[in-house]
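These notes are about the structure you will find just below.
Predicted, not measured: the structure shown is a model, and the values here were computed from it.
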Amino acid sequence: MTDSLFHEVHGTYFTIARTILSKQQTLTVKELECLIKEQGFDETAFQLLPSLTNQRTPWYLLKEETMGHWSPITQNKTPLINTNIERRWLKTLINDPRLLFFLDKAEIAELQQQLIHVEPLFDLEAVTYYDQFNQVDSLVEQKQQHAHFKQLLAAINAKQPVKIEYQRRPNIPSKKALFLPVKLEYSQKKISFAYVHGACYATVALKSH
């Protein structure tokens, strides 16, 4: 598969075809038209549906079981296709040590094995980031941050509040409060989480390592 930022496998027709095939059941023409219109446009059904049901076209994916009832000609689930550029981008992210905030070492090792013959899209050391948080050298601090990150992620998934003690500056006393974490964000500059505290909504940065 060639490198392409806007590859056709992410286009509207491929998305619709994947949705139809994922049903793995007999569908009426009306049901097919509804599925196509949900992800396409009003005229998409007139263009795509004849191709899906015509044996003479490369898009032939549906066979007529009974009058007006169609089912996929495929037997297996439609695989998720990744383009070369997506695999190269994933290989780049795997080389970022902050990925340990999201995946454990076994999961990263498995991805490394799957992408062993894939070249990274670029070298992380070749990019200079300004206003980036300082590196954390202490192994104890790294483990503590990973533990806090896992707790925040678990609280977000469970939609449960957490009690957090924080200190804005070394010369300011620390504070404790009850927060409802709502999302975690990853960027090359920092890892941060958004939270709700009372009627306020804010974002706090986690020092990256």
Side-chain angles (χ1 to χ4, degrees), residues 1-94 96 99-121 149-150 152-160 180-187 193-194 196:
M1 188 174 293
T2 59
D3 286 325
S4 177
L5 185 58
F6 302 103
H7 199 279
E8 61 182 357
V9 297
H10 301 304
T12 301
Y13 280 16
F14 275 79
T15 302
I16 294 173
R18 186 183 299 114
T19 300
I20 293 174
L21 294 178
S22 66
K23 298 300 180 181
Q24 289 293 313
Q25 65 184 48
T26 301
L27 299 169
T28 65
V29 174
K30 186 175 181 179
E31 289 172 332
L32 289 169
E33 290 177 346
C34 289
L35 286 174
I36 294 174
K37 288 181 179 180
E38 284 178 0
Q39 299 186 14
F41 306 96
D42 290 338
E43 68 276 8
T44 305
F46 297 103
Q47 299 173 351
L48 182 58
L49 192 53
S51 297
L52 294 175
T53 58
N54 188 343
Q55 297 185 33
R56 297 180 180 179
T57 68
W59 280 76
Y60 173 60
L61 295 171
L62 299 173
K63 59 182 178 181
E64 192 171 22
E65 298 290 352
T66 59
M67 184 64 67
H69 291 76
W70 302 80
S71 63
I73 63 174
T74 55
Q75 299 297 322
N76 301 319
K77 292 183 178 180
T78 305
L80 180 62
I81 300 175
N82 298 117
T83 63
N84 286 338
I85 198 169
E86 288 176 319
R87 288 194 288 269
R88 293 182 65 193
W89 171 248
L90 181 58
K91 186 64 173 285
T92 303
L93 291 182
I94 289 176
D96 189 337
L99 196 64
L100 284 169
F101 279 102
F102 299 90
L103 303 175
D104 57 36
K105 292 183 178 180
E107 292 172 321
I108 294 176
E110 183 179 351
L111 287 172
Q112 287 280 18
Q113 182 61 36
Q114 293 177 4
L115 301 170
I116 190 171
H117 299 299
V118 177
E119 291 292 329
L121 191 59
F149 189 90
K150 299 293 185 183
L152 285 172
L153 186 59
I156 291 173
N157 291 331
K159 297 181 180 180
Q160 293 181 344
L180 179 64
V182 293
K183 68 177 180 178
L184 286 163
E185 295 180 350
Y186 165 89
S187 73
F193 74 94
V196 176

- Item | Residue pair I85 / L121, side-chain heavy-atom distance below 4.5 Å | yes
Would one find more than 12 heavy atoms of other residues, nucleotides or ligands at under 6.0 Å from atom [atom1] of [X]?
| X | atom1 | answer |
| --- | --- | --- |
| F41 | CZ | no |
| K23 | NZ | no |
| E107 | CD | yes |

- Show your reasoning for whether side chain to side chain contact (heavy atoms under 4.5 Å, CB included) applies to L90 and V118. CA-CA 9 Å; L90 181 58; V118 177; over 6 Å; no
- Query: L153: what forms a side chain to side chain contact (heavy atoms under 4.5 Å, CB included) with it, not counting sequence neighbours?
  - Reply: N157, L184
- Can you name the side chain to side chain contact (heavy atoms under 4.5 Å, CB included) partners of P120, sequence neighbours left out? K91, T92, N95
- Task: Working to the nearest 0.5 Å, report the span between OG1 of T83 and CH2 of W89.
- Result: 13.0 Å
- At what distance, to the nearest 0.5 angstrom, does CD1 of I20 lie from CG of L48? 6.0 Å
Identify the two heavy atoms, one from [X] and one from [Y], that lie closest to each other, and give their separation to 0.1 Å.
| X | Y | result |
| --- | --- | --- |
| T12 | G40 | CG2-CA, 4.1 Å |
| P50 | A45 | CD-O, 3.5 Å |
| I94 | Q112 | CG2-NE2, 2.9 Å |

Please list every donor-acceptor pair under 3.5 Å in which a side-chain atom of residues 26-33 meets a protein atom from a residue at least two apart or in another chain.
from, atom 1, to, atom 2, distance (Å)
T28, OG1, E31, N, 3.1
T28, OG1, E31, OE1, 3.4
E31, OE1, T28, N, 2.9

Sequence neighbours left out, cut at 3.5 Å: what donor-acceptor pairs do the side chains of residues 59-68 make with other protein atoms?
from, atom 1, to, atom 2, distance (Å)
E64, OE2, G68, N, 2.9
E65, OE2, S71, OG, 2.5
T66, OG1, H69, ND1, 3.4

- Any pair counted as side-chain hydrogen bond (donor to acceptor under 3.5 Å, both in side chains), so long as it reaches residues 37-47, sequence neighbours left out: Y13-Q47, T19-Q39
